[in-house]
Amino acid sequence: MPVDEITSPQSYREDLVTSGIVIQTEDLWKTYEMGAEQLHALRGVSIEIRKGEYVAIMGPSGSGKSTLMNLIGCLDTPTKGSYWLAGRLVSQLDDDELAYIRNKEIGFVFQTFNLLPRATALHNVELPMIYNGTPAEERLGRAKGALAQVDLAERMMHKPNELSGGQRQRVAIARALVNNPSILLADEPTGNLDSQTGEEIMALFARLHQSGNTIILVTHEQDIAAHAHRVIRLRDGKVEKDERTR
């Protein structure tokens, strides 16, 4: 069953959708078994993120920010608690529905770019559409449009080793945007870039946010988090502070 047809009371909450909430976590825990010990990476995290927000999730190493990102991105499952994505209870979705969400509803941008080294920028951006069966002509047009959106129209036939670090990250962002996701999830997107290039990438995120994208940025750098309009700070698996900055 297509993911947008899940409407049972147990798995769908229209009140979240009508109020503009795209992400809601309720008492979210993630516990890892380490031999006889338990490691609590998240300890009862409850947050709400609305459509069109620009949010930074901050915290030191071991704070739980990467774990929370993996749960929001449907790359992992919580030990307990509830996660609602666009009104749908994620724990009640099957593997096909989760794959659909990861392909269509969430665009991922990673620190290491994750590009195919022998493929052109254009082909790298096409990949998510190849996986979901988009026809070739439509796929080509949308990939070119996404690259133009990140100012790389003239470099689309270049391979990653022919591009600078900032250009490779722009390709990764274009790939994340090509399916028009409801959420753009970026994990340390400037971590492998020099400061000037990092600022250029953050300016691009600002432009994408102004265009209506919901952006969640995971970072440990204060100057990067300062670009967001809201900062959620984690420490020891809990929300330490949640504040709007503008």
Side-chain angles (χ1 to χ4, degrees), residues 1-7 11-12 17 22-23 49 51-52 69-76 83-90 92-163 166-187 189 201 204-205 207-217:
M1 178 172 60
V3 72
D4 55 0
E5 293 181 7
I6 303 167
T7 56
S11 63
Y12 184 76
V17 176
V22 292
I23 286 171
I49 296 175
K51 182 178 181 180
M69 183 208 71
N70 287 336
L71 296 181
I72 289 173
C74 299
L75 300 172
D76 200 358
Y83 171 31
W84 303 84
L85 175 62
R88 298 183 294 270
L89 184 59
V90 171
Q92 294 191 359
L93 304 182
D94 63 27
D95 289 345
D96 288 341
E97 292 159 347
L98 290 171
Y100 177 94
I101 286 173
R102 289 189 292 263
N103 182 268
K104 295 283 288 185
E105 296 203 19
I106 300 175
F108 296 93
V109 180
F110 299 101
Q111 177 178 349
T112 53
F113 316 139
N114 290 356
L115 302 177
L116 294 180
R118 297 184 180 181
T120 63
L122 182 65
H123 185 64
N124 269 289
V125 175
E126 282 187 281
L127 280 177
M129 296 180 290
I130 293 174
Y131 296 145
N132 65 31
T134 301
E137 187 174 349
E138 178 186 352
R139 195 169 69 221
L140 185 62
R142 283 169 54 184
K144 288 181 177 179
L147 284 165
Q149 192 175 357
V150 299
D151 301 325
L152 277 183
E154 296 181 356
R155 308 284 285 179
M156 65 176 63
M157 300 313 296
H158 289 67
K159 295 179 180 178
N161 66 356
E162 299 170 326
L163 300 172
Q167 289 171 335
R168 290 197 292 273
Q169 190 61 293
R170 287 174 183 268
V171 174
I173 293 170
R175 181 184 58 195
L177 293 172
V178 77
N179 278 324
N180 298 313
S182 57
I183 298 164
L184 188 61
L185 188 59
D187 181 20
I201 292 299
L204 174 58
F205 276 118
R207 201 170 78 209
L208 294 172
H209 176 247
Q210 290 168 3
S211 299
N213 289 88
T214 304
I215 298 177
I216 302 172
L217 179 72

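Everything quoted here is computed from the prediction, not taken from an experiment. Below, each value reflects all heavy atoms present in this structure, side chains not excepted, and no hydrogens, waters or symmetry copies.
At distances below 3.5 Å, at least one donor-acceptor pair connects side-chain atoms of Thr214 with backbone N or O atoms of Gly52. No donor-acceptor distance shorter than 3.5 angstrom exists from the side chain of Arg102 to the backbone of Glu97, with no hydrogens or angles considered. At least one donor-acceptor pair under 3.5 Å links the side chain of Arg155 to the backbone N or O of Glu162. Without hydrogens or angle criteria, His158 side chain to Thr120 main chain gives no donor-acceptor distance under 3.5 Å. Side-chain N or O atoms of Tyr83 include one that pairs as donor or acceptor with a backbone N or O of Ile72 at under 3.5 Å. Between the Arg170 side chain and the Val150 main chain, a donor and an acceptor come within less than 3.5 Å of each other. Between the side chain of Gln169 and the main chain of Gly166, no donor-acceptor pair closer than 3.5 Å is present.
Side-chain contact annotation: Thr112 with Asn114, donor-acceptor N/O pair under 3.5 Å present. At a cut-off of 3.5 Å, with distance as the only test, a side-chain donor of Asn179 or Arg142 sits close to an acceptor on the other residue.
Within 6.0 Å of CG on Asn161 lie more than 12 heavy atoms contributed by other residues, nucleotides or ligands. Counting heavy atoms of neighbouring residues, nucleotides and ligands inside a 6.0 Å radius, atom NZ of Lys104 exceeds 12 of them. Residue Glu154 places its CD atom among 12 or fewer non-hydrogen atoms of other residues, nucleotides or ligands, all under 6.0 Å distant.
For the pairing with Lys51, the side chain to side chain contact (heavy atoms under 4.5 Å, CB included) check across Val22, Ile23, Asn213 returns one residue only, Val22.
Note that the CG atom of Leu127 and the CG atom of Leu115 stand 9.0 Å from one another [nearest 0.5 Å]. Considering CG of Asn132 and CG of Asn103, their distance stands at 4.5 Å, rounded to 0.5 Å. Ile183 contributes atom CD1, which lies 9.0 Å from atom CZ of Phe108 (distance to the nearest 0.5 angstrom). Residue Met157 holds its CE atom at 10.5 Å from CG of Leu147, rounded to the nearest 0.5 Å. Atoms CG and CG, from Asp151 and Leu204 in turn, are 7.5 Å apart once rounded to the nearest 0.5 Å. Between the CG atom in Leu71 and the CG atom in Leu85 there is a gap of 12.0 Å [rounded to 0.5 Å].
Side-chain atoms of Leu140 and Leu122, non-hydrogen and from C-beta on, do get closer than 4.5 Å to each other. With contacts defined as side-chain heavy-atom distances shorter than 4.5 Å, the pair Phe205/Ile173 qualifies.
When all heavy atoms are compared, the tightest approach of Tyr12 to Trp84 is N-CZ3, 4.1 Å. Residues Arg175 and Asn124 approach most closely at CD-O, 3.4 Å, considering heavy atoms. Nearest approach of Gly87 to Val17, heavy atoms of both residues: CA-CG2, 3.9 Å. Summarising the geometry of Ala172 relative to Phe113, their closest heavy-atom pair is CB-O, 3.9 Å, with the distance given to 0.1 Å. Taking all atoms of both residues into account, the shortest heavy-atom contact from His123 to Ile130 is CE1-CD1, 3.6 Å. Of all non-hydrogen atoms in Pro160 and Pro117, the two that sit nearest each other are CD-O, 3.5 Å.
For the pair Glu105 and Arg88, the salt-bridge criterion is met [side-chain N within less than 4.0 Å of a carboxylate O].
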**Request:** For side-chain contact (heavy atoms from CB on, under 4.5 Å), just list the numbers for Leu177 and Leu184, CA-CA rounded to whole Å, side-chain angles, deciding distance to a tenth of an Å, and then say yes or no.
**Result:** CA-CA 8 Å; Leu177 293 172; Leu184 188 61; 4.2 Å; yes

**Asked** Given the rule in the side-chain contact (heavy atoms from CB on, under 4.5 Å) test, do Val109 and Asp187 qualify, once you have shown the distances and angles that lead to the verdict?
**Response** CA-CA 6 Å; Val109 180; Asp187 181 20; over 6 Å; no

**Message:** For Val90 and Cys74: C-alpha separation, side-chain torsions, deciding distance, then whether side-chain contact (heavy atoms from CB on, under 4.5 Å) applies.
**Reply:** CA-CA 8 Å; Val90 171; Cys74 299; 4.0 Å; yes

**Derivation of the side-chain contact (heavy atoms from CB on, under 4.5 Å) call for Gln92 and Leu89** = CA-CA 6 Å; Gln92 294 191 359; Leu89 184 59; 3.7 Å; yes

